[in-house]
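Reckoned from all heavy atoms, side chains included, excluding hydrogens, waters and symmetry mates. The structure displayed is predicted, hence computed values, not measured ones.
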Amino acid sequence: MVALNTMNALEKRGVTCEVALDESAPGVLFEKYGYSWYKISIPQAGGHSATKLSALKGALKLITATFKARSAIKKSKADFVVGVLGGGAIVASLGAKFARKTCFSLISTPLDSTVCPKFNQCYILPELDKFRWDKLPKNMDKSFYPLADNLGDGNEEIALQKLREFPNFDENKKTIVFSSGSSIFKGTLDAINLVANETDKYNLVLVGLPLHEEYSELIDENKIIYAGYIDWINHLFKFSDLTVLTDDGVSLEEAFTCGKPIVALTRVKWGRYQNMAGVFKGAMIESKVEDVCKSIDEAFENYDSLQENALIYGKQCMEAGDYLAERMLKKVE
């Protein structure tokens, strides 16, 4: 999605974009939008959860991956290359270097932020600690995640009609959306169950697919509205009163574009702490899973100021794609 949204911003400015994916990638999203792609190799080291061993294994595969990327770049006759996140950013940097092409990297992990700045201009995304630095090296800049143009166009009525299909939805209650992205992590399930067992004064909507099959047993659909994997999240965010999300990824920005404050659950995904409250100051409340009920109460007590800041960040996030495209093209020119 990050790649697709960046491509859309470039295409609006007359750039023809082509795609290269790992040979094992299904490419469903790109296929949906009519793109074909070059098949290359992208070693995986584990992103934020990378260990010395996983990084070493990824490095051993990097030589072959680099030359596959170089071949694809030359075949495409590209004027410049954009590498997106983790192994993809690293392979693009090295492939472009050997193909003698300008490259830009969107980086967010410890490994890509170590490797890519040695070769080309990089744009730091919010998860990386450097995003909070006041001064950056000359070949580094920062950007929010590029978003789809229509993301802020959520329609509350569409979400309302869909929620009415669930027998336990009550139009007289406030609605809280729980999500950890496309996959539901156990910490998110623990949090929603804590709230469901504490009070029945909210519509609690759970979005995503369980990360592991056994997690399905933790979803009590008598107390929770389980929406599953949906393509109307912007409408749902627009309709909701509050969102409870994990402290990473594009979902945070999606909620802000719809003007919704966030309770950000920390250390849900592999124990990581991202300090997103340090990026989106005054628009979210960080919370341990076990403190989620107290944090929700705090969010509603301070709702007006949280929402005011959420709208400010939402506007900035919606401009991120245009910002990236303009900066890249200026450097290419």
Side-chain angles (χ1 to χ4, degrees), residues 48 126-127 159 163 166 168-170 173-212 214-228 230 233 236-256 258-307 309-310 313:
H48 291 276
E127 278 89 354
L163 289 171
F166 295 89
N168 54 343
F169 172 70
D170 187 339
K173 294 180 180 180
K174 291 182 177 179
T175 297
I176 305 176
V177 177
F178 286 72
S179 176
S180 49
S182 56
S183 296
I184 303 173
F185 283 69
K186 188 174 183 298
T188 299
L189 288 167
D190 291 340
I192 197 170
N193 284 327
L194 281 170
V195 180
N197 293 329
E198 172 84 12
T199 180
D200 64 353
K201 65 180 181 180
Y202 304 118
N203 294 307
L204 304 177
V205 183
L206 179 63
V207 176
L209 297 175
L211 182 63
H212 300 295
E214 60 267 26
Y215 289 178
S216 300
E217 299 173 6
L218 301 175
I219 302 174
D220 184 350
E221 296 192 48
N222 292 316
K223 296 181 178 179
I224 295 167
I225 297 170
Y226 177 46
I230 61 174
I233 190 70
L236 182 57
F237 279 153
K238 194 76 171 181
F239 176 83
S240 69
D241 296 283
L242 185 69
T243 60
V244 178
L245 309 173
T246 48
D247 65 336
D248 68 334
V250 179
S251 294
L252 300 176
E253 296 188 12
E254 292 176 340
F256 285 145
C258 296
K260 301 305 169 181
I262 296 170
V263 171
L265 299 176
T266 61
R267 305 191 189 281
V268 168
K269 292 185 175 180
W270 299 288
R272 298 197 309 251
Y273 176 67
Q274 307 286 14
N275 188 19
M276 288 296 98
V279 174
F280 301 107
K281 296 178 181 178
M284 66 166 59
I285 293 173
E286 286 188 342
S287 177
K288 296 178 181 178
V289 170
E290 58 268 28
D291 296 331
V292 65
C293 294
K294 182 175 69 175
S295 297
I296 287 173
D297 289 342
E298 182 183 349
F300 280 121
E301 287 168 5
N302 299 279
Y303 195 85
D304 290 344
S305 63
L306 287 169
Q307 186 174 47
N309 288 314
Y313 284 116

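- Among the candidates Ile296, Thr199, Val289, the single residue satisfying the side-chain contact (heavy atoms from CB on, under 4.5 Å) test with Leu194 is Val289.
- Judged by distance alone, the side chain of Asp247 and the main-chain N or O of Tyr273 form no donor-acceptor pair under 3.5 Å.
- For the residue pair Lys223 / Asn197, a side-chain donor-acceptor distance below 3.5 Å is found, with atom types taken as modelled.
- Using a distance-only test at 3.5 Å, with no hydrogens or angles considered, no donor-acceptor pair links the side chain of Thr246 to the main chain of Val268.
- Atoms CG and CG, from Asp220 and Leu204 in turn, are 11.0 Å apart once rounded to the nearest 0.5 Å.
- Between Tyr202 and Lys173 the shortest side-chain heavy-atom distance does not fall below 4.5 Å.
- Closest approach of Phe237 to Cys258, counting heavy atoms only: CB-SG, 3.8 Å.
- Within the 3.5 Å criterion, the main-chain N or O of Ser180 finds a donor-acceptor partner in the side chain of Lys269.
- Under the 4.5 Å side-chain criterion, counting only non-hydrogen atoms from C-beta, Val195 is not in contact with Ile192.
- Nearest heavy-atom pair, Lys260 versus Gln307, reported as atom, atom and distance to 0.1 Å: NZ-NE2, 4.5 Å.
- When each of Ile219, Leu189, Leu218 is paired with Pro210, the side-chain contact (heavy atoms from CB on, under 4.5 Å) condition holds for Ile219 and for no other.
- Separating the NZ atom in Lys201 from the CG atom in Asp170 is a distance of 14.0 Å, to the nearest 0.5 Å.
- Nearest heavy atom pair, residue Phe169 against residue Leu163, reads CB-O, 3.3 Å.
- The aromatic rings of Tyr215 and His212 sit perpendicular to each other, their planes meeting at more than 60°, with 30° as the lower class boundary.
- Minimum interatomic distance between Val292 and Ala191 (heavy atoms only, all atoms of both residues): CG1-O, 3.7 Å.
- When side chains are defined from C-beta on, Ile176 counts as touching Phe300, because their heavy atoms get closer than 4.5 Å.
- Phe256 has its side chain within reach of Ile262: a pair of non-hydrogen atoms, C-beta onward, lies under 4.5 Å apart.
- From Lys294, atom NZ reaches atom CD1 of Ile285 across 11.0 Å, with rounding to the nearest 0.5 Å.
- The nearest pair of heavy atoms linking Glu127 to Met276 is CA-CE, 3.7 Å.
- Within 6.0 Å of CD on Glu217 lie no more than 12 heavy atoms contributed by other residues, nucleotides or ligands.
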*Evaluate the side chain to side chain contact (heavy atoms under 4.5 Å, CB included) criterion for residues Ile224 and Asn193: first the C-alpha distance (whole Å), next the side-chain angles of each, then the deciding distance (0.1 Å), finally the verdict.*
CA-CA 8 Å; Ile224 295 167; Asn193 284 327; 3.4 Å; yes

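- Here the side chain of Lys288 pairs no donor or acceptor atom with the backbone of Thr266 at under 3.5 angstrom.
- Rounding to the nearest 0.5 Å gives a distance of 6.5 Å between OG of Ser251 and CD1 of Ile233.
- A donor-acceptor contact shorter than 3.5 Å links the side chain of Thr243 to the backbone of Pro261.
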*Carefully, step by step, assess Asn168 and Asn222 under the rule side chain to side chain contact (heavy atoms under 4.5 Å, CB included).*
CA-CA 7 Å; Asn168 54 343; Asn222 292 316; 5.9 Å; no

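- Within the 4.5 Å cutoff, no side-chain heavy atoms of Leu242 are placed close to those of Leu306.
- Between Ser287 and Glu298 there is no side-chain heavy-atom pair separated by less than 4.5 Å.
- Looking at Tyr303, its side chain does come within 3.5 Å of a backbone N or O of Asp241 through a donor-acceptor pair.
- Taking CD1 of Ile230 as the reference point, atom OG of Ser182 lies at 12.0 Å (rounded to 0.5 Å).
- In this structure, Tyr313 contributes its side chain and Gly259 its backbone to no donor-acceptor pair below 3.5 Å.
- When all heavy atoms of Val205 and Ala227 are compared, the pair lying nearest together is CG1-CB, 4.2 Å.
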